[in-house]
Amino acid sequence: MQFTLHPNVYNTSPSSKGLLHMLEQVWVRDREPGDGTNYIISGFSNYNGGVRFYEIFKQHIDNGGQCIAILGGSTSQRLSSIQVVEQLLEVGCKVYLINRKRILHAKCYGFSTNNEQGVVISSGNFTGPGMSQNIEASMLVKGSHVQELNFSWNDLINNMLSQNWSIYEPTLADRTHPAWQLLYDEIGTSVRLEDAQEVTMLLTLSHADTARIQAAPGTTAGKGTQYFWLSKDSYDFFPALTIRNERGHKATYSALINMNYVDLGIVDNECRVTFEAENNLDFRLGTGKLRYSRIARSGDLAAITRISEFDYELRVLPIGSNAYTELLPYAVNFIGHQGKRYGYISNEDFSNILTNS
DNA sequence: TGCACTGGGTCC
DNA sequence: GGACCCAGTGCA
């Protein structure tokens, strides 16, 4: 059994580092694709909540396995999105939506095979924030402890689906089915960002982030793509990563955002952030406009401000500057092995510090 | 010419 | 072996 409170607050064992890590245990590690059934029960869900696992589910289902998702749905609340349900259906999941005034609020995840079950009971929804920056408690029960509980995924699902609830089954074949009216659109222009998401990511830059920025035009050091490499916990800082790669054989998931390079006075309306789902799980922010600009050096702080769903601003705060000194303490997470740090600050606090330093 | 891809490296 | 780090290739 394992318990965790994320992000990075408390773990009962080194092998449980947050909800996402527990889900990797029950759906990826120690599992054979095609063996048994995977389960998702979550009141809220969005595309980035599942982006780590769509390829895993697809392989599992293509090899004869099953995947069942029971999600919240509503016409008046933003519970689950069109995008996550579409993607789950595309990879072959069975999706049920519970439309209820007193909403489905449980979050349970796991699997069952002929001889084994695993279950994660969590406060974390199947959403980007639930998987990364929200404070969520999760408990994983597996092996003989599941039998001690006398827990049965089969019974749980059967009992849920036999309740006298409004249960809808959306399908890709019938997009006019009322089930689709219970879902909200993550991509639409009417999307308004919640206050909690109006934050600035502070990220120290390492050699790999700045080598092409510092390169002289025409040299090999400038070849390839200019990226900032982000933490894998960045699911909730970007819009739905629904753009699949067109060429290549390893699945990637991207979103296009509008990036205002404040230092350069350039706005890039096709700034791409990519999650390398089948390569190395890299989270990369394309920052090509910075190439050759010399505007950032290794050790500098990048401030990426999310001002609306698709609009971002990028500033480089040079190491040693007043703003750097004031803001570095907010980059509380140490990641990688080159001393990279990142963290978040509210846009209001960020703006105040910028103007006063 | 620039960036979507590739596929390793390296440290813990 | 996970999670950033790195240095490109080759295609549009």
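Residue numbers start from 1 in every chain, and the chains themselves are labelled A, B, ... in the order their sequence lines are given, proteins ahead of strands.
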Looking at A:Leu183, A:Leu97, A:Leu104, A:Leu79, which hits side chain to side chain contact (heavy atoms under 4.5 Å, CB included) with A:Ser74? A:Leu79

Given the structure, check if the side chain of A:Arg29 and the base of C:dG2 hold any donor-acceptor pair shorter than 3.5 Å. no

With distance as the sole criterion, do the side chain of A:Asn280 and the base of C:dG2 form a donor-acceptor contact below 3.5 Å? no

I need the NE2-P distance between A:His337 and C:dC5, as an integer number of Å. 7 Å

For A:Lys17 and C:dG1, what is the distance between atoms NZ and C1' respectively, to the nearest whole Å? 10 Å

Does C:dG2 have OP1 or OP2 under 4.0 Å away from a side-chain N or O of A:His21? no

Output the rounded distance in Å from NE2 (A:His207) to P (C:dG8). 10 Å

Gap between atoms CD1 and C1', on A:Ile335 and C:dC6 respectively (whole Å): 15 Å

Please list each protein N or O that sits under 3.5 Å from an N or O in nucleotides 2-6 of chain B, with the distance.
{"residue": "B:dA4", "atom": "OP1", "partner": "A:Arg272", "partner atom": "NE", "Å": "3.1"}
{"residue": "B:dA4", "atom": "O4'", "partner": "A:Arg247", "partner atom": "NH2", "Å": "3.4"}
{"residue": "B:dA4", "atom": "N7", "partner": "A:Thr225", "partner atom": "OG1", "Å": "2.6"}
{"residue": "B:dA4", "atom": "N6", "partner": "A:Thr225", "partner atom": "OG1", "Å": "2.8"}
{"residue": "B:dC5", "atom": "OP1", "partner": "A:Glu246", "partner atom": "N", "Å": "2.7"}
{"residue": "B:dC5", "atom": "OP1", "partner": "A:Arg247", "partner atom": "N", "Å": "3.0"}
{"residue": "B:dC5", "atom": "OP1", "partner": "A:Arg247", "partner atom": "O", "Å": "3.3"}
{"residue": "B:dC5", "atom": "N4", "partner": "A:Thr225", "partner atom": "OG1", "Å": "3.4"}
{"residue": "B:dC5", "atom": "N4", "partner": "A:Tyr227", "partner atom": "OH", "Å": "2.6"}
{"residue": "B:dT6", "atom": "OP1", "partner": "A:His249", "partner atom": "N", "Å": "3.0"}
{"residue": "B:dT6", "atom": "OP1", "partner": "A:His249", "partner atom": "ND1", "Å": "3.0"}
{"residue": "B:dT6", "atom": "O4", "partner": "A:Arg284", "partner atom": "NH1", "Å": "2.8"}

Donor + acceptor pair across side chains of A:Ser123, A:Glu136 (<3.5 Å): yes

Does a side-chain N-to-carboxylate-O contact under 4.0 Å join A:Lys232 and A:Glu24? yes

Of A:Phe57, A:Tyr39, A:Tyr54, the one forming a ring pair (Phe, Tyr, Trp, His ring centres under 6.0 Å) with A:Trp27 is A:Phe57

Heavy-atom side-chain proximity of A:Leu230 to A:Leu203 below 4.5 angstrom: yes

Closest-nucleotide 5' rank along DNA chain C - winner of A:Leu281 and A:Ala211: A:Leu281

Does the ring of A:Tyr253 carry A:Arg244 above it, NZ/CZ under 6.0 angstrom from centre and within 45° of its axis? yes

Just N and O in the side chain of A:Gln338: are any of them under 4.0 Å from OP1 or OP2 of C:dC6? yes

What is the distance, rounded to the nearest whole Å, between atom OH of A:Tyr342 and atom P of C:dC5? 12 Å

What is the distance from CZ of A:Phe283 to C1' of C:dG2, rounded to the nearest Å? 16 Å

Return the value, rounded to whole Å, for the distance between atom CD1 of A:Ile56 and atom P of C:dG2. 11 Å

Ignoring backbone atoms, test whether A:Thr220 places a side-chain nitrogen or oxygen under 4.0 Å from the OP1 or OP2 oxygen of C:dA7. no

Is any side-chain nitrogen or oxygen of A:Lys232 closer than 4.0 Å to OP1 or OP2 of C:dA3? yes

Tell me the interatomic distance from A:Arg212, atom CZ, to C:dA7, atom P, rounded to whole angstroms. 8 Å

Show me the pairs that pass side-chain hydrogen bond (donor to acceptor under 3.5 Å, both in side chains) and involve residues 218-227 of chain A, at least two apart or across chains. A:Gln226-A:Thr287

